[in-house]
Amino acid sequence: MTSKSKQRLIMHIDVNSAYLSWEAAYRMQQGSSLDLRDIPSVIGGDVESRHGIVLAKSIPAKKYNIQTGETLFSARQKCPELIVIPPHYELYMMASNAMIDILNDYTPAIQRFSVDEMFLDFTSMEYHYPDPIELAYSIKDRIKHELGFTVSIGISNNKLLAKMGSDLKKPDAVTTLYPDEISKKMWPLPVEDLFMVGRATAPKLHKLNIFTIGDLAAYDSDILKSKLKSHGIVIWNFANGNENSDVRKSNVIDVKGIGNSTTISFDVTDRKEAHLILLSLCEMVGMRLRHQESCCNLVAISIKSHDFISYSRQRKLYYPIDSTAKIWRVAAALFDEVWKGEPVRNLGVRASELCTNEFIQTTMFDDKDIEKTRDLDNTIDKVRLKYGTAAIIRGSFLHSGLSPINGGIGEESYPVMTSIL
DNA sequence: TCTGGGGTCCTAGGACCC
DNA sequence: TCTGGGGTCCTAGGACCC
């Protein structure tokens, strides 16, 4: 086979202002005459419960310099007539799935990079699709006409360049970024536009007199490595368009960890109350774990205090577990080990070092009713799946005023790979 | 003034072993 | 008075992504 050196053909599809577009398209389908995309509008969390940040913005909102992630308070200062819509995550998942259904008509080689970004591999399909640009336009237009929202598509022969390409022109656009176009299209951009150059790296690069992606590409990679370790080599390669990872179908097996966290609507000062919130998170983590038939070998908790200081504690387990009660026992113990008594704003629970739950290893000293615990967890999961998560709640939550289950991503989870693309 | 939630990967230091 | 050098595992924290 000589196909090793064969050029690949990769596309990256990015939904323009995803949450906002999906909300707008949905409302239009419901008969609304107002298109949120035409006015200054954002998707934003609930300020009351301390979730008040911008999750997505319309193009008119962007003209007011409103940024994703900034507080709604600050956004409204920039634009007092700003329309704020709460998020509807189930809708986003449905829109994302509908898009995947369309893409499946073109190729099975789809990698769902996030809820609103996909990579497609069209390598060796020139017989079916002789013209990549024409193909991209037909995909883009079909999504627009059938689903009512626009996407931007980048075309190249690796994932990094395809992704950078889809960013070049927005919205509703198709852009190529082949290797011979890098110097013209990518190198003049500010270095912070490069994938994996974030808040912390950009100032370090500026200090080295690196301001554009081209500056980075031309820089001495050894010096970069000495200053930024392995990350320096990664971004130097990206700046030069070097990247060769596969478009790979997401697989439950390669999920590395499952975690949920919550910002509480008030500051928690009571240890027992914190334990209860951890329990509500363990309910979700445990349910997700069992749903994909995994056990974890490590439990970690995270705490964010009222003054936004974050810290965490983790413990490697002696044997894998998947029971809500056991995860909680570890989580509560970890909390007690590190909590300094200050008011707590946010709590998180994460289960990682996953393995299959097929053969659960138990120690001699483990409780003998492990099967009973499993049966109970599984029964509760089934009832909740059928009648909703509120169908069974623990008695300890009854008069607590706290939510008995906390955290998102129940059914159709989509793993996100970041630095590996 | 107010600041989400879901992930992955890397690094550095200490413990421990041979 | 002088105190190695690897390797692996564990933990905490930080950086990045959408």
Side-chain angles (χ1 to χ4, degrees), chain A residues 12 14-15 17-19 43-56 67-78 86-87 89 92-93 96 112-118 159-160 163 166-167 192 194-204 225 228-235 238 245 250 254-265 281 284-285 288 297-318 334 337-338 345-354 406-410 412-421:
Chain A
H12 178 256
D14 191 326
V15 179
S17 320
Y19 289 4
I43 305 296
D46 175 33
V47 178
E48 275 294 272
S49 59
R50 312 203 288 186
H51 289 63
I53 65 160
V54 173
L55 297 162
Q67 313 274 338
T68 301
E70 82 175 294
T71 62
L72 287 178
F73 178 88
S74 141
R76 280 197 253 249
Q77 279 193 327
K78 292 175 180 174
Y89 295 103
Y92 309 152
M93 207 60 222
S96 178
R112 189 177 214 156
F113 188 62
S114 72
V115 72
D116 68 329
E117 287 184 37
M118 327 281 165
K159 282 155 67 178
L160 183 272
K163 181 163 167 55
S166 69
D167 244 14
E192 43 270 61
L194 183 64
F195 182 67
M196 291 302 287
V197 175
R199 237 192 6 228
T201 306
K204 290 181 196 167
K225 186 174 184 183
L228 300 172
K229 313 286 173 192
S230 62
H231 189 238
I233 296 303
V234 170
I235 59 175
F238 285 178
S245 67
S250 322
D254 38 50
V255 172
K256 299 287 195 293
I258 289 175
N260 288 99
S261 64
T262 185
T263 292
I264 307 117
S265 55
L281 291 162
M284 181 55 79
V285 170
R288 293 172 61 197
N297 286 287
L298 185 111
V299 173
I301 60 138
S302 61
I303 299 173
K304 179 146 73 181
S305 63
H306 66 115
D307 47 4
F308 278 80
I309 310 276
S310 298
Y311 51 101
S312 63
R313 192 160 177 90
Q314 64 182 57
R315 174 129 68 231
K316 176 105 167 82
L317 309 173
Y318 295 108
L334 290 170
E337 285 166 27
V338 281
R345 176 187 179 89
N346 178 289
L347 285 168
V349 175
R350 165 158 289 273
S352 51
E353 294 191 13
L354 305 186
N406 242 311
I409 308 290
E412 323 266 346
S413 61
Y414 49 92
V416 182
M417 298 297 295
T418 52
S419 54
I420 287 200
L421 269 182

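Proteins come first, then strands; the chains are lettered A, B, ... in the order of their sequence lines, and each starts at number 1.
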- For A/Thr201, which contact category applies under a 4.0 Å heavy-atom criterion: base, sugar-phosphate, or nothing? sugar-phosphate
- prompt: According to a strict under-4.0 Å criterion, is A/Thr262 in side-chain N/O contact with OP1 or OP2 of B/dG4?
  reply: no
**Message:** Tell me if a side-chain donor or acceptor on A/His12 pairs with a main-chain N or O of A/Asp167 at a distance below 3.5 Å.
**Reply:** no
*Give a yes or no on this: more than 12 heavy atoms of other residues, nucleotides or ligands lie within 6.0 Å of atom NZ of A/Lys225.*
no
* So what does A/Tyr311 touch, heavy atoms closer than 4.0 Å: a base, only the sugar-phosphate, or nothing? -> sugar-phosphate
**Request:** Give a yes/no on whether any side-chain N or O of A/Arg350 is located under 4.0 angstrom from OP1 or OP2 of B/dG6.
**Result:** no
Please determine if a side-chain N or O atom of A/Arg345 lies less than 4.0 Å away from the OP1 or OP2 oxygen of B/dG4.
-> yes
>> Please determine whether a side-chain nitrogen or oxygen atom of A/Lys163 lies at a distance below 4.0 Å from atom OP1 or OP2 of C/dC18.
In response: yes
Problem - Contact under 4.0 Å: A/Lys229 side-chain N or O vs B/dA12 OP1/OP2 - result: yes
Checking all strands, does A/Gly45 fall into the base, sugar-phosphate, or nothing category for heavy-atom contacts under 4.0 angstrom? nothing
Dot-bracket assigned to DNA chain C with the 3.5 Å Watson-Crick/G-U criterion, [ ] for crossing and | for other-strand pairs, is ....||||||||||||||
Does C/dA12 have OP1 or OP2 under 4.0 Å away from a side-chain N or O of A/Arg313? yes
- Message: Could you tell me how far B/dC17 sits from C/dG4 if I compare only their C1' atoms? Round to whole Å.
- Response: 14 Å
Would you say A/Ser261 reaches B/dG6's phosphate, i.e. side-chain N/O to OP1/OP2 under 4.0 Å? yes
Exercise. Does CD in A/Glu48 sit with more than 12 non-hydrogen atoms of other residues, nucleotides or ligands closer than 6.0 Å?
Worked result: no
Here the distance between atom P of B/dT3 and atom CD1 of A/Ile309, to the nearest Å, is 17 Å
Quiz prompt | Distance test, side-chain N/O of A/Asn260 to OP1/OP2 of B/dG6, below 4.0 Å | solution = yes
Whole-Å distance, A/Asp254 CG to B/dC9 P, equals 9 Å
Subject >> Side-chain N or O of A/His231 closer than 4.0 Å to phosphate OP1/OP2 of B/dC9 >> reply: no
message = Quick one, A/Arg350 with A/Ser312, criterion side-chain hydrogen bond (donor to acceptor under 3.5 Å, both in side chains). Give me CA distance, side-chain angles, the key distance, then yes/no.
response = CA-CA 10 Å; A/Arg350 165 158 289 273; A/Ser312 63; over 6 Å; no
Check: Counting any heavy atom closer than 4.0 Å, what does A/Lys204 reach on the DNA or RNA strands: base, sugar-phosphate only, or nothing?
Finding: nothing
inquiry  = At less than 4.0 Å, is any side-chain N or O atom of A/Thr263 found next to OP1 or OP2 of B/dT3? Yes or no.
reply    = no
**Asked** If you look at every strand shown and take non-hydrogen atoms under 4.0 Å, does A/Glu117 touch a base, only sugar-phosphate, or nothing?
**Response** sugar-phosphate
* Asked: Between A/Arg199 and C/dG14, does any side-chain N or O lie under 4.0 Å from OP1 or OP2?
  -> no
- Task: Could you tell me whether a side-chain N or O of A/Asn297 sits under 3.5 Å from a main-chain N or O of A/Glu353, the two making a donor and an acceptor?
- Result: yes
